[in-house]
Structures are given as structure tokens and as C-alpha cells.
J.: 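Input: one structure, supplied below.
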Amino acid sequence: MTATKLLPKRFTLMLSGEDAYDLDDPQHMGPMSGLPHERFLLGEKLPAAPVLLLGQTNQAFDPDQSIACLQPVHLHATRDHLILMAQSQVDLTSEESANLLKVALPLIEEDFQHPLLFQGSREWFISAGPFASLATHSVDQSHGRNIDWWMPHDTHEVGLAKRWRKIQNEIQMLWHVDPTNEAREARGLPKINSIWLSGIGKLNAVEAPQVLKQSAVIYGGHPLLAGLAKHLGIPHQLTVDLSAMENAFAWLEDPAQLWPELLKALDTKALQEVEIIDFKKGAARRRVFTAKDLSTSAWAFWQKPKVLTWADISQS
């Protein structure tokens with residue numbers, strides 16, 4: 001009889017990744033779809049829309065149906081191009097979102113050839129219909145950049161990207177004169193002057209990493225985590241429960257705040273290992289630390305060993 005190998009008491013912390021290329025490089029042919037951490041969590045097909053939908057509603061939908069995510073956004077005009085602003089900079093209320101959707105919905109449903117599936121406060125979801133083959137980029141990846149690089153583009157069916165831009169332009173014209181935007185402008189807020197399409201894919205196309213699938217609990221506030229946790233049947237919490245860190249997975253907005261608690265858990269043997277997943281040069285890098293690894297020897301025997309700080313870990 002073979003003895004079962006016990007897994008170490010490990011806490012896994014994933015950090016956000018950035019694009020690892022320069023779009024000003026003349027040899028670069030175009031941006032890769034998805035940020036590194038998005039590809040790590042979802043797989044190469046990046047079906048973010050159905051995962052986001054699952055995280056926001058208990059409404060049943062076909063896991064083999066291609067879903068699209070639509071987001072009301074602000075495009076900032078510079079001298080020669082437009083830049084997409086992050087959702088956190090827009091300060092859009094649920095009421096404003098609903099009013100803008102009401103204006104655009106007939107056009108959206110006509111062109112997508114399907115009724116809206118779900119209306120969230122900042123995301124709207126619909127069957128991708130004729131746009132299912134478009135390649136897209138999330139707002140997280142595209143914000144702060146010239147949108148020329150990041151707009152949806154054709155894959156194997158030519159003309160869909162142009163068709164989407166026509167819808168986008170028509171909605172922009174509708175919203176330009178909408179009372180919701182007039183009220184926002186009067187309050188000194190940026191107008192919601194465009195709509196962003198992203199995340200097209202099927203729930204059954206999700207290829208979650210093994211480390212996530214084996215987790216006892218998933219911590220973090222990013223909307224993708226709520227959907228992935230529900231899809232995998234794993235408990236999810238917005239914040240870390242310090243009494244339940246064993247075999248947990250976390251993706252946090254400010255991971256540095258958790259570092260002292262992880263050090264303490266290693267020191268008291270509440271945890272045996274801490275795994276850090278980051279994305280140097282766009283590729284996943286996985287490092288496992290024990291209590292012994294997290295201190296460096298002093299140059300003189302009478303000095304105490306130096307404990308590695310979060311800056312030591314995150315910048316190395």
C-alpha cells in the first residue's frame with residue numbers, strides 16, 4: 001500500500017503582470033491579447049466575459065455560448081490620438097450606467113442579434129453573436145494607451161472589426177447629447193463617450209492553472225476571482241482570513257500589506273511555504289519560500305540576520 005504524500009502548508013500569492021514589450025518598436029506587429037496574469041488565470045483563449053458574468057449573477061447561461069462584455073468608458077483626446085481611461089478614473093454610478101444602457105440597448109441588441117444577458121453596474125453582458133471571432137483586449141490591459149493598438153481586430157472573418165467600430169461610433173453619437181453626460185460634465189466628471197468590447201469567449205474554454213484548482217480558498221477583490229471561484233467550486237473572500245491561509249490562493253490590490261502576516265505565519269509554522277507568482281518579462285515565474293529562505297546572514301556573527309522585506313522579494 002502506497003502512503004499518501006501530504007502537501008505542505010502553503011500560501012500562494014499572485015502579483016499582477018505587465019506587458020513585456022514596447023509598442024513603439026517598429027518590428028512589433030501588435031499587442032498580445034491579455035495581460036500575463038489574465039492568461040495565467042484564464043488560459044490562452046482568455047474567456048473573461050463569461051467568468052465576469054458568472055461572478056456577478058446566479059443567472060444560468062450556456063457554458064458553450066460565446067459571451068461578450070461591454071463597458072461604458074471615457075476616451076481622452078490628445079493632439080493626435082485617443083487614450084482609454086481606467087474604470088477607476090471614471091466614477092460611473094449604477095444609475096448613470098443604466099441610463100446610458102437604455103439609450104444604446106436597441107442598437108446593441110439589433111447588431112449582436114441577441115437580447116442582453118445581464119446588466120451590471122460597470123459591465124454589460126450579451127451573447128457575442130456575429131462578433132464571436134473578434135480578438136479583443138481588456139480595459140485593464142488597454143487603459144492609459146493609444147486605442148489604435150487595442151481596438152478589437154479580425155481573426156479569421158474579415159470585416160467584423162469595421163462593423164464593430166460602426167456600432168461604437170453610433171453609440172458615441174447617442175451618448176454625446178445624452179442628459180446623463182451633460183450632468184456629469186456639469187459636475188466636472190469625464191463624459192462617458194464610448195463603449196468597449198472585450199473578453200469574448202466561452203465558460204467551457206477556461207483553462208485555470210492547477211494551483212488555483214487545488215486551492216482551499218481564493219482571496220482577492222478582482223471581479224475575475226469571484227467568477228473563477230464559482231466556476232471551480234472554491235470558496236471566495238474579498239479579504240484574507242489570517243486564520244485560514246493554509247493552501248489558499250490570493251491576488252490582492254496591495255500585497256505588501258499582507259507580507260508581515262506571511263512572515264509571522266512562517267515563523268510560527270502556521271505555514272510551511274509561501275509561493276510568489278509574478279510575471280517577469282511576461283512569463284510566469286514561481287518562487288517558493290520557507291522560513292529559512294526569508295532571512296539573509298549578517299556579515300558579523302553578533303548581528304541578527306536580516307529579514308527579507310517585501311521590496312526584496314517583489315523587486316528581485
Side-chain angles (χ1 to χ4, degrees), residues 16-39 42 44-49 52 66-92 100 104 107-108 111-112 122-124 126 128-178 181 184-185 189-201 224 279 281-282:
S16 298
E18 297 295 336
D19 293 316
Y21 48 76
D22 183 1
L23 292 182
D24 293 326
D25 181 351
Q27 294 184 339
H28 189 76
M29 299 304 293
M32 181 179 290
S33 290
L35 289 164
H37 56 267
E38 293 172 339
R39 295 194 299 273
L42 299 171
E44 291 302 316
K45 293 185 179 179
L46 290 165
L52 291 169
S66 284
I67 308 294
C69 176
L70 298 168
Q71 292 168 277
V73 297
H74 175 78
L75 300 180
H76 174 69
T78 68
R79 184 172 59 84
D80 57 0
H81 62 270
L82 297 172
I83 293 176
L84 176 65
M85 286 182 65
Q87 291 291 76
S88 59
Q89 298 173 290
V90 171
D91 194 22
L92 181 70
L100 292 169
L107 188 62
I108 292 170
D111 284 280
F112 279 81
R122 289 193 175 188
E123 297 96 9
W124 311 324
I126 193 167
F131 301 102
S133 66
L134 279 178
T136 63
H137 300 88
S138 67
V139 170
D140 282 355
Q141 184 177 19
S142 311
H143 75 84
R145 291 165 156 172
N146 181 346
I147 66 167
D148 290 346
W149 280 103
W150 307 95
M151 293 284 284
H153 62 269
D154 296 332
T155 54
H156 59 268
E157 186 174 346
V158 177
L160 291 181
K162 184 177 180 180
R163 182 174 169 184
W164 162 250
R165 285 194 295 273
K166 180 176 180 293
I167 301 168
Q168 188 181 37
N169 289 337
E170 289 175 353
I171 292 173
Q172 287 173 175
M173 288 188 286
L174 289 172
W175 286 351
H176 179 67
V177 295
D178 190 82
N181 267 324
R184 285 179 60 85
E185 195 170 33
L189 295 173
K191 281 189 171 185
I192 304 302
N193 57 7
S194 192
I195 187 168
W196 197 259
L197 171 66
S198 67
I200 296 172
L224 282 175
F279 302 91
K281 298 183 179 180

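Note: hydrogens, waters and symmetry copies are ignored here, and every other heavy atom, side chains too, is used.
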J.: Does the side chain of T78 come within less than 4.5 Å of H76's, by heavy atoms?
T.: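 SC-SC contact between H76 and T78 confirmed.
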
J.: How many angstroms lie between atom CD of E18 and atom NE2 of H37, to the nearest 0.5 angstrom?
T.: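 Separation between the atoms: 7.5 Å.
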
J.: Backbone N or O of S133 within a donor-acceptor pair of the T155 side chain at under 3.5 Å?
T.: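 At least one qualifying donor-acceptor pair exists.
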
J.: Just verifying a value: how many Å separate L46 CG and E44 CD, rounded to the nearest 0.5 Å?
T.: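 Going from the CG atom of L46 to the CD atom of E44 covers 6.5 Å.
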
J.: Considering non-hydrogen atoms only, spot the tightest contact between W164 and W196 and give its length.
T.: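 Looking at all heavy atoms of both residues, the closest pair is CZ2-C, 4.5 Å.
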
J.: Can you name the nearest heavy-atom pair linking R39 to G282, along with the distance?
T.: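 It is NH2-O, 3.7 Å.
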
J.: Any chance you could measure L52, atom CG, to R122, atom CZ, to the nearest 0.5 Å?
T.: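 Rounded to the nearest 0.5 Å, the CG-CZ separation comes to 13.5 Å.
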
J.: For the side-chain hydrogen bond (donor to acceptor under 3.5 Å, both in side chains) test, which of Q172, Q168, K166 pairs with E170?
T.: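 The residue from Q172, Q168, K166 that satisfies side-chain hydrogen bond (donor to acceptor under 3.5 Å, both in side chains) with E170 turns out to be K166.
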
J.: Quick check: do I195 and L197 have side-chain heavy atoms less than 4.5 Å from each other?
T.: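 No - every pair of side-chain heavy atoms lies 4.5 Å or more apart.
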
J.: Quick one: CG on L75 to CG on L84, what's the gap to the nearest 0.5 Å?
T.: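 Nearest 0.5 Å value for the CG-CG distance: 6.0 Å.
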
J.: Can you tell if the side chain of D178 reaches within under 4.5 Å of the side chain of R184, non-hydrogen atoms only?
T.: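 Of all side-chain heavy-atom pairs linking R184 with D178, none is under 4.5 Å.
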
J.: Give me the atom names and distance for the closest heavy-atom approach of K191 to E185.
T.: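 Of all heavy-atom pairs spanning K191 and E185, the closest is CE-OE1, 3.2 Å.
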
J.: Mind checking whether H137 and H153 have parallel, tilted or perpendicular rings, split at 30° and 60°?
T.: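 Plane angle between 30° and 60°, so tilted.
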
J.: Are T136 and F131 side-chain neighbours, meaning at least one heavy-atom pair lies under 4.5 Å?
T.: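 Side-chain contact under 4.5 Å: no.
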
J.: When rounded to the nearest 0.5 angstrom, what distance separates CG in N146 from CG in D80?
T.: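 Output value for this atom pair is 7.5 Å.
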
J.: Give a yes or no answer on whether the side chain of D154 reaches the backbone of G159 with a donor-acceptor pair at less than 3.5 Å.
T.: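 Yes; judged by distance alone, with no hydrogens or angles, the pair exists.
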
J.: Look up atom NE2 in H81 and atom CG in D148, then write down how far apart they are to the nearest 0.5 Å.
T.: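 One finds 8.0 Å between NE2 of H81 and CG of D148.
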
J.: What I'd like to find out is whether the side chain of Q87 reaches to under 4.5 Å of the side chain of V73, using heavy atoms alone.
T.: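 They are in side-chain contact.
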
J.: Quick check against the 3.5 Å criterion: does W175 have a side-chain atom that pairs as donor or acceptor with the backbone of I192?
T.: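 No, W175 side chain to I192 backbone: no donor-acceptor pair under 3.5 Å.
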
J.: Please find the pair of heavy atoms, one from S198 and one from S138, that lie closest to each other, and give the distance.
T.: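 For S198 and S138, the tightest heavy-atom pair comes out as CB-CA, 4.0 Å.
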
J.: Any heavy-atom pair between the side chains of I147 and S142 that's under 4.5 Å?
T.: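 No, side chains not in contact.
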
J.: Can you see which heavy atom on F279 is nearest to which on S16, and at what distance?
T.: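 Reported closest heavy-atom pair: CD1-C, 4.3 Å.
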
J.: Could you report the tightest heavy-atom contact between P72 and L92, atom names first, then the distance?
T.: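 For P72 versus L92, the nearest heavy atoms are CG-CD2, 3.5 Å.
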
